[in-house]
Amino acid sequence: MSKAKYWFERAKNEHFAIGAFNAASIETLKAIVGAAKNLRSPVIIEASPGEAEYFGIKELVGATRVMEQSNGVPIILNLDHAPDYDHCRVALEAGFDYLHLDGSKLDIEENIRQTRRLADEAHKKGVLVEGEIDNINVLGAGSADHRGKNIDVVRDPKYYTDPAKAADFVEKTQIDTLASFIGNVHGMYAQTKNINLDLLREIKARLGQTYLSLHGGSGIPANEITAAIGIGVQKINVNTQLRLAFRDKLKETLDAPGPPAGGEVAIYKIMPAAIAAMQAVVEEKIKLFGSANKI
Ligand code: 13P
C-alpha cells in the first residue's frame, strides 16, 4: 500500500482529517514540517500550479523529500487544483504522491475523460487522485484576503455538489477523493464560512468508501470542521490563513523601529518570526483535525 493510501485509510478508519497546507516557499515548508514534527502528525503539502512553478516543481519534490527524511514526518505531496491532465502528468512524473485534477472548468465529458485517464495511470504507481465537478471558485473567490467582501457575493448554493452527479462522476472516473462543495469557498471573509453539513451527509451516503476533501479550510468554524470530520472528511485544505499569518508578521517585522528586526537586511534573521507565525496556524489546525500523535 502506498504512503498516501495508508494515511487516507487511517484517517477514514480513525476519524481524523489530514491537513493539506499550501507551500510556495521554503519558509512555508519549514512552518508546515515544523508543526507536523512537533505534534507527531502526518501532513499533506500541496502547491497549486502557480505555487509549484514559483518554487520549481523538481525543487519542491527534492526539498520536501529531504525534509521528510530529516524530520521523520510522513509527507503526502499534492498538486492542488491542477486544471487538466497535462499538469498532473508532469507532477506524476516528478514524484508527487497525490494529484488533484480540478476539471470543473472543463465540459463534464472532457472532465471525466481526463480524470479517468489520470486515475488509471496514477493508480499503477500508488498515487491517489482527487476529482472535482463543482467549481469552488465559480463566482471568483481565491485563497486571498476577502475580509472586505460579503461571502454571499462569491457563493450560491445552486453551485453546491449534487450527490447523484457526484456518485456518477466517481463511478466513471474511479477517483479516490471527491472535492465536495458545500459552501467552502476559498479565502477569508467578513463572515464565518458556514458549511452545509446535511448536504455533506447526503454526499457521504451516496459515495460510500470514496474519500472526501474539504477545500477552503480558512474561516470555517471549528465546530463545523469537527462535525465534517465526523461525517467523513479525510483531507482539509488550508492556505489563506497561512498567507495572512506570513504577510502580517513579515510586515510587523519590517516595520519594527529598532533592533533586533528593524533595519535588518539578513533574510535568515527576518524570516524566523514569519515562519513561527505560520507554524502556529498549522499547529492549531492539526489539533483541530485530530491528526496529532498519529505517528
Ligand atoms: P483557503 O484559502 O480558504 O484556506 O482554502 C485553501 C484551499 O482550499 C486550497 O485548495
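Since this is a predicted model, take the numbers as computed values, not measurements. All values below were derived from every heavy atom in this structure, side-chain atoms included, with hydrogens, water molecules and symmetry-related copies excluded. Residue numbers run from 1 in the order of the sequence given. Order of appearance sets the numbers: ligands from 1, and atoms from 1 within every ligand.
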Report task. Between K285, M188, H186, flag the one that comes closest to atom 7 (C) of ligand 1 by a heavy atom. Result -> H186
Report task. Considering heavy atoms of the protein only, find what lies nearest to atom 4 (O) of ligand 1 and give residue, atom and distance to 0.1 Å. Result -> S218 OG, 2.5 Å
Query raised in the report: To which of G187, G142, A20, G219 does the heavy atom nearest atom 3 (O) of ligand 1 belong?
Result: G187
Query raised in the report: Going by an N to O cut-off under 4.0 Å, is there a salt bridge joining R113 and E109?
Result: no
Query raised in the report: Is the shortest distance from a Lys or Arg side-chain nitrogen in R89 or E93 to a carboxylate oxygen in the other one below 4.0 Å?
Result: yes
Query - Nitrogen or oxygen of D80 less than 3.5 angstrom from that of ligand 1 - result: yes
Query raised in the report: Can you list the steps and then say if N137 with H186 is a side chain to side chain donor-acceptor pair (under 3.5 Å)?
Result: CA-CA 7 Å; N137 284 336; H186 294 124; 2.7 Å; yes
Query raised in the report: Just heavy atoms, cut-off under 4.0 Å: does I136 contact ligand 1 by side chain, backbone, both, or neither?
Result: neither
**Report entry** Aromatic ring pairing Y98/F8, orientation class (parallel under 30°, perpendicular over 60°, tilted between)
**Finding:** parallel
Query raised in the report: Would you say D97's side chain and L77's backbone share a donor-acceptor pair under 3.5 angstrom?
Result: yes
Query raised in the report: Would you say H81 touches ligand 1, if touching means a heavy atom closer than 4.0 Å?
Result: yes
Query raised in the report: Any heavy atom of K193 sitting closer than 4.0 Å to ligand 1?
Result: yes
Requested in this report: Report the nearest protein non-hydrogen atom to atom 8 (O) of ligand 1: residue, atom name, distance rounded to 0.1 Å.
Outcome: G216 N, 2.7 Å
Query - Atoms in ligand 1 with a heavy atom of V238 nearer than 4.0 Å - result: 4 (O)
Query raised in the report: For atom 2 (O) of ligand 1, which protein heavy atom lies nearest, and how many Å away is it?
Result: T240 OG1, 2.5 Å
Query raised in the report: Does the pair E27/K249 count as a salt bridge with the N-to-O cut at 4.0 Å?
Result: no
Report task. Heavy-atom contacts with N22 under 4.0 Å: which atoms of ligand 1 show up? List them by number with element. Result -> 9 (C)
Report summary line: In ligand 1, the atoms that come under 4.0 Å of a heavy atom of S143 are 1 (P), 2 (O), 5 (O), 6 (C)
**Report entry** Lys/Arg-Asp/Glu bridge criterion (N-O < 4.0 Å) met for R201, D198
**Finding:** yes
Query raised in the report: H146 side chain to Y189 main-chain N or O, any donor-acceptor pair under 3.5 Å?
Result: no
